[in-house]
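The structure appears below as structure tokens.
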Amino acid sequence: MESNLNHIFELQYALDTFYFLVCGALVMWMAAGFSMLEAGLVRAKNTTEILTKNVSLFAVACTMYLICGYDIMYGGGLFLSGVTTVAQMDDAAIAGVLAASNEAGFGEMGEYAGASDFFFQVVFVATAMSIVSGAVAERMKLWAFLAFAVVMCGFIYPMQGSWTWNGDAVFGIYELSYSDYAGSGIVHMAGAAAALAGVLLLGARKGKYGADGQIKAFPGANLPLATLGTFILWMGWFGFNGGSTLKLGGIGVANEVANVFLNTNAAAAGGLIGALIVARIMFGKADLTMALNGALAGLVAITAEPADPSPLLATIIGAIGGIIVVFSIVTLDKMRIDDPVGAISVHGVVGIWGIFAVLLSDADATFMGQLVGMLTIFIWVFVTSLIVWGILKAVMGIRVTEEEEYEGVDLSECGMEAYPEFVSSK
């Protein structure tokens, strides 16, 4: 009997570990989505630099989270010490674990390799940092951005993650009663808060806003690429939300995973339709960039609770997110907050909507719990980011010169153009 339990446990362990790793790989693929989306929405003369930011921030995020971020957030630092594997457990130990979960049934258990948990968590950190790169595009110094990434991924993000997903008391004062399944606030709003702090200190791109209140559009150089990036993000989001079940084994959990995938897709579709219709009403045209951001807004909106809503409710939550993002992008432009890709609106404003949309389907969530959690995350990330950006601005500067911005940061920051045969920097 004990031997059979051992084999069953080993199979469960392998299945949950493999599921974690596959979902982590899907989230890692979102880095390609952010790269393509942002490269498509910036002007051609800034393409190489935005790609360099995205590939570099991923490496920085992975390294900083390995060195100290994971330890701050969950404990179990650089070498994931203390991870116990099934191979190290005897039959009696496994039987004890099974006996402890008899009331819930074996199918509700979830055991997996500690390294798989780290891998799944580290790609979330990179996602949060990717949000920042698009908002500060076309005028920020590359090395200032990467310096900020070191602090964001190694300290700022892990601290608020320890208060939320790890359940630590905030500065030892109070514990959050906050529900956020896959990170509408913990990942997306946090990234947007850091981006907002940077944008406020950085200022708008030259020529974006006129003295008479005129707003000049800077069209993206490659909308097919931006569309490809959106589809990649859409696909990667199944790992983002689906992996947040933290396991797969068992009929109940498998059904939950299926609901998460279904609702994630439904919300994205609802968000795109909502944004497309509102853009048509407001601008008289089917605005592709608004449609793309609408799909992403729907995904952000459902991320805080993708398991509990019905598919119809998930579609509505996503549609409201898509509607919100159009108005938010227009409003931020009127406020002269220059965000070339709409990242602050998609991930920040709609992230807040997602946090409170949890109340529509999660009976255990409370308004005050969601409000306090949201404010804690936003204030912590915004204030600490503002301090770090301010220090970087004073020490090394965060903005390129006016001439470098005019010529394009591809040449000044990277020494090469993405489209040398089609773009002249002169």
Side-chain angles (χ1 to χ4, degrees), residues 20-42 46-70 72-73 78 115-137 140-158 161 182-183 186-188 190-192 194-195 198 225-226 228-240 243-244 296 299-300 303 340-341 343 346-347 381 385 388 409-410 413-414 416 418:
F20 237 172
L21 294 172
V22 170
C23 287
L26 280 172
V27 180
M28 184 273 173
W29 185 230
M30 290 174 69
F34 278 114
S35 297
M36 297 302 97
L37 176 67
E38 293 172 17
L41 292 180
V42 300
N46 300 309
T47 307
T48 299
E49 196 261 359
I50 200 70
L51 294 173
T52 305
K53 278 181 179 174
N54 273 274
V55 71
S56 299
L57 76 84
F58 188 84
V60 170
C62 291
T63 303
M64 291 307 302
Y65 200 64
L66 179 69
I67 292 172
C68 60
Y70 188 78
I72 292 171
M73 191 162 171
L78 184 59
S116 69
D117 178 65
F118 171 84
F119 176 68
F120 186 71
Q121 296 293 338
V122 76
V123 289
F124 273 55
V125 186
T127 297
M129 192 61 212
S130 294
I131 295 166
V132 181
S133 66
V136 300
M140 174 168 277
K141 291 182 177 179
L142 172 63
W143 289 99
F145 173 82
L146 295 179
F148 176 79
V150 169
V151 184
M152 176 69 177
C153 301
F155 177 66
I156 298 175
Y157 175 94
I186 297 168
V187 179
H188 294 280
L225 201 62
L228 174 63
T230 301
F231 272 118
I232 292 173
L233 287 167
W234 194 326
M235 176 183 173
W237 229 288
F238 296 123
F240 198 96
S244 295
L296 298 178
L299 290 163
V300 171
T303 292
V341 304
V346 170
H347 302 275
V381 176
S385 297
V388 175
V409 290
D410 280 3
E413 296 291 289
C414 302
M416 63 181 69

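Fair warning: this is a prediction, and the values are worked out from it, not measured in the lab.
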Any side-chain heavy atom of [X] within less than 4.5 Å of one from [Y]?
| X | Y | result |
| --- | --- | --- |
| Val42 | Glu49 | no |
| Val346 | Val300 | yes |
| Phe155 | Met64 | no |
| Met36 | Leu51 | yes |

- Pairs satisfying salt bridge (charged side-chain N to carboxylate O under 4.0 Å, His left out), at least one member in residues 22-39, at least two apart: none

- Qualifying salt bridge (charged side-chain N to carboxylate O under 4.0 Å, His left out) pairs, either residue in residues 115-130, two or more places apart: none

Separation between [atom1] of [X] and [atom2] of [Y], rounded to the nearest 0.5 Å:
| X | Y | atom1 | atom2 | value |
| --- | --- | --- | --- | --- |
| Thr230 | Leu41 | OG1 | CG | 7.5 Å |
| Leu296 | Leu37 | CG | CG | 6.0 Å |
| Ile232 | Met235 | CD1 | CE | 9.0 Å |
| His347 | Thr303 | NE2 | OG1 | 10.0 Å |
| Lys141 | Leu146 | NZ | CG | 13.5 Å |
| Met416 | Thr47 | CE | OG1 | 13.0 Å |

- Query: Taking only residues two or more places apart in sequence or in another chain, which ones pass side chain to side chain contact (heavy atoms under 4.5 Å, CB included) with Ser130?
  - Reply: Phe34, Asn54, Leu57

- Query: By side chain to side chain contact (heavy atoms under 4.5 Å, CB included), which residues pair with Val388, not counting sequence neighbours?
  - Reply: Phe148, Val151, Ile156, Leu392

- Judged by atom type as modelled, is there a donor-acceptor pair below 3.5 Å linking the side chain of Ser133 to the main-chain atoms of Met129? no

What pair of heavy atoms forms the shortest contact from [X] to [Y], and how long is it?
| X | Y | result |
| --- | --- | --- |
| Phe119 | Ala25 | CE2-N, 3.5 Å |
| Gly243 | Phe120 | C-CZ, 3.4 Å |
| Ile131 | Ala192 | CG2-N, 3.8 Å |
| Pro158 | Cys153 | CG-O, 3.4 Å |
| Ala137 | Pro340 | O-CG, 3.8 Å |
| Cys414 | Thr52 | SG-OG1, 3.5 Å |

- Query: Can you name the residues that form a side-chain hydrogen bond (donor to acceptor under 3.5 Å, both in side chains) with Glu413, not counting sequence neighbours?
  - Reply: none

- Query: How would you list, by chain and number, every residue that makes a ring-ring contact (aromatic ring centres under 6.0 Å, His included) with Phe240, sequence neighbours excluded?
  - Reply: Phe124, His188, Trp237

- Please name the residue in the list Val123, Val187, Val122 that meets the side-chain contact (heavy atoms from CB on, under 4.5 Å) test with Val27. Val123

